[in-house]
Amino acid sequence: MFRNISRSIINNIARPRPIILRQQQLHQQLRFFNNSKILSHGHLHKPKPGEELHITFITKDGEQLTYEVCEGDNILDIAQANNLDMEGACGGSCACSTCHIIVDPEYYDNIPEPDDDENDMLDLAFGLTETSRLGCQVKMTNELDGIRVALPAMTRNLQSKDFK
Amino acid sequence: MIKRWFSSTSRILKPFKIAIVGSGPGGFYTAHHLTNKSPKDLQLNIDFFEKLPTPFGLSRYGVAPDHPEVKNCEEYLIDLMEDKKAHIRFIGNCEIGKDLTLKQLEQNYNSIILAYGCTSNDNKLNIPGSNLKNIISARKFVNWYNGHPEYYEKGKKFIPPPLDKIKTVTIIGNGNVALDVARVLLGSEEHWKGTDISVEAEELLEKSTVEHVRIVARRGIMESAFTNKEIRELFELDNVKFIPLEKGILESVDKSKLGRVDKRRISIIERYNNSTKEGKKSWTLEYLKSPVEFIGDEMVSATTFVVNKPLNDPLKPGKVVSTDQYITEENELVIESIGYQGTPINGFEEIGIWFDNNKLHNKDGRLLSLNSKDKDDHNAIFKKGWYTSGWIKNGPKGVIATTMMDSFDTADKVLEDIANDRFIKVDQEKDIIPKNSITWDNWKTLDNYELNKGKELGKTRYKVCDKQEMLKLVNK
């Protein structure tokens with residue numbers, strides 16, 4: 001089953017090089033160099049020259065990170081391959097809401113509509129917005145080239161009352 | 001601080017020892033975050049203490065058998081245990097407060113995280129007739145069909161309700177546990193066949209004569225405690241008919257004011273409320289009714305409810321008041337699903353951990369000391385080195401993703417404290433693990449046995465329910 005694949009493979013796959021790093025941080029860059037692991041085939045493929053698609057993540061700290069990715073890659077895999085703080089607790093099987101992302105409204109309508117299963121899970125996501133999606137359910141396509149997605153701020157000091 | 005402490009001395013420094021009590025999602029998400037986010041030169045040795053011989057806590061014994069995808073979260077613990085670089089041990093069949101004391105933990109670990117859950121007791125209705133037969137708690141019913149060893153213990157075995165003699169069931173409460181129970185009672189033989197539901201439960205369900213399940217809540221539709229996934233699942237069960245809501249309930253909702261989640265909830269209910277789906281079994285969703293008396297001679301035969309009405313005070317949303325109208329409905333089984341309670345571990349008081357009113361007192365996951373009892377929130381005194389995550393931290397609420405975020409939060413506090421030299425200084429070097437505890441390799445043996453036997457029976461897993469049998473299978 002695919003659940004075994006995601007995280008174990010992700011640790012070994014090629015990390016697409018970030019092409020733009022605004023507000024560059026030294027340790028951030030160092031991390032990318034440190035982590036250049038041996039190439040092996042996994043979910044993510046190296047895009048062929050000229051066929052690169054672009055995705056920008058806005059982290060919880062407001063940092064913007066842009067990556068070149070392949071058509072067909074899903075956003076959870078892209079985020080995990082780049083060490084961004086995104087969990088896939090259910091292994092990308094649309095059974096949790098830990099890969100919740102907020103999509104730039106400009107791109108939201110270019111993504112095929114969420115099905116009932118995805119909506120079920122989104123309804124449990126913290127900080128749900130009108131343009132929320134699950135990263136594991138959104139695959140990169142030509143229409144999504146240049147898409148911007150934000151990682152919702154992890155909530156602090158959760159109280160049970162927040163979930164009533 | 002952390003730099004100085006670790007980088008200069010890391011080579012000669014002893015590993016940092018962490019104990020986690022409980023190996024369910026609250027425990028393993030905390031461990032995952034700890035290993036993921038701790039500084040590279042800090043070696044963490046994590047020991048999971050688990051009361052049962054089996055890991056995964058509520059994922060194994062709470063999550064419904066027909067939700068295998070939710071159990072994928074178990075991969076987090078498996079990955080941790082099988083990562084050769086990590087120094088993590090599973091110590092099963094070892095109950096803190098019994099096989100080992102809290103004091104022993106404190107003498108041997110730098111940080112201790114209590115993640116032992118909040119499901120060892122129930123909230124109970126205290127109304128006339130509560131001690132009649134065939135009034136049971138949802139918690140016991142769930143543990144029974146999920147094969148929890150404490151419900152299969154010789155001499156103390158849980159006697160399931162006589163589902164082969166019962167037609168109508170009332171479930172009190174409408175959270176996801178209530179809906180799980182309803183699905184178990186309404187789902188067809190085929191629905192459960194092949195899942196890891198306990199064999200005893202599967203056999204009894206095959207003989208079940210249940211025809212109608214009533215899910216009753218004291219508040220209104222907007223206060224429904226279930227999540228959208230679970231209600232949709234119940235609506236979509238094969239061969240089961242939903243009897244439309246009482247008139248006026250949907251009509252009372254002003255949809256223009258609802259947020260995304262509530263709007264979807266109402267639209268799901270609307271979609272199925274008028275469906276023409278037929279079925280052998282049926283169910284209703286009932287609102288604004290509180291049970292006031294169970295009626296029957298020896299066994300329950302009916303329940304009397306008082307009808308409530310919404311207070312409609314915008315400053316007290318969801319609040320209801322009783323009217324003077326009563327209704328009595330027949331039922332041969334009542335399942336109370338009105339929430340769980342946590343219990344303390346033996347010895348809390350002795351070592352100064354503050355637990356009262358079913359609450360393990362903590363601030364953002366850091367345990368509060370008994371000395372905090374008379375202090376206000378701003379002047380809280382922590383119990384240094386002690387933390388909590390999972391349901392025992394904030395109460396038995398929320399889905400797996402909630403527990404995950406919450407556990408990460410506790411793990412952050414642990415790391416923050418390590419970096420700032422706030423942890424238990426340990427001088428003992430003795431290994432306190434009891435000899436007869438279950439190791440991860442033992443569990444793998446049991447796991448393989450369960451999977452293989454499951455294959456023979458056409459189930460995803462055959463759960464061994466008797467603890468003695470488990471121990472025998474791993475030669476303990």
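By convention in this document, chain letters (A, B, ...) are assigned in the order of the sequence lines, proteins followed by strands, and residues within each chain are numbered from 1.
Put simply, the side chain of A:Asp116 reaches to within 4.5 Å of the side chain of B:Arg264, judged on heavy atoms. Counting heavy atoms from C-beta on, the side chains of B:Asn72 and A:Ser93 come closer than 4.5 Å.
The 12-atom threshold is not exceeded at CD of A:Glu106, counting heavy atoms of other residues, nucleotides or ligands nearer than 6.0 Å. The environment of B:Lys277 atom NZ is dense: over 12 non-hydrogen atoms of other residues, nucleotides or ligands sit within 6.0 angstrom. More than 12 heavy atoms of other residues, nucleotides or ligands sit less than 6.0 Å from atom CG of A:Asn110. A 6.0 Å sphere centred on NZ of B:Lys363 holds more than 12 heavy atoms belonging to other residues, nucleotides or ligands.
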Could you walk me through whether B:Tyr29 and A:Glu87 pass side-chain hydrogen bond (donor to acceptor under 3.5 Å, both in side chains), step by step? CA-CA 11 Å; B:Tyr29 282 132; A:Glu87 299 291 333; over 6 Å; no

Between B:Asn228 and A:Asp123, does the side-chain hydrogen bond (donor to acceptor under 3.5 Å, both in side chains) criterion hold? Intermediate values first, please. CA-CA 7 Å; B:Asn228 290 346; A:Asp123 286 349; 2.5 Å; yes

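Between atom CD1 of residue B:Ile400 and atom OG1 of residue A:Thr98 there is a gap of 10.0 Å, rounded to the nearest 0.5 Å. Interatomic distance, B:Ile268 CD1 to A:Asn119 CG, rounded to the nearest 0.5 Å: 8.0 Å.
Comparing B:Arg265, B:Lys229, B:Glu69, B:Arg232 by how many heavy-atom pairs each has under 4.5 Å with chain A, the most go to B:Arg232.
Only the side chain of B:Lys37 comes within contact range of chain A, judged by heavy atoms closer than 4.5 Å. Of the two parts of A:Ser132, the backbone and the side chain both hold a non-hydrogen atom closer than 4.5 Å to a non-hydrogen atom of chain B.
Judged by distance alone, the side chain of B:Arg260 and the main-chain N or O of A:Thr129 form a donor-acceptor pair under 3.5 Å.
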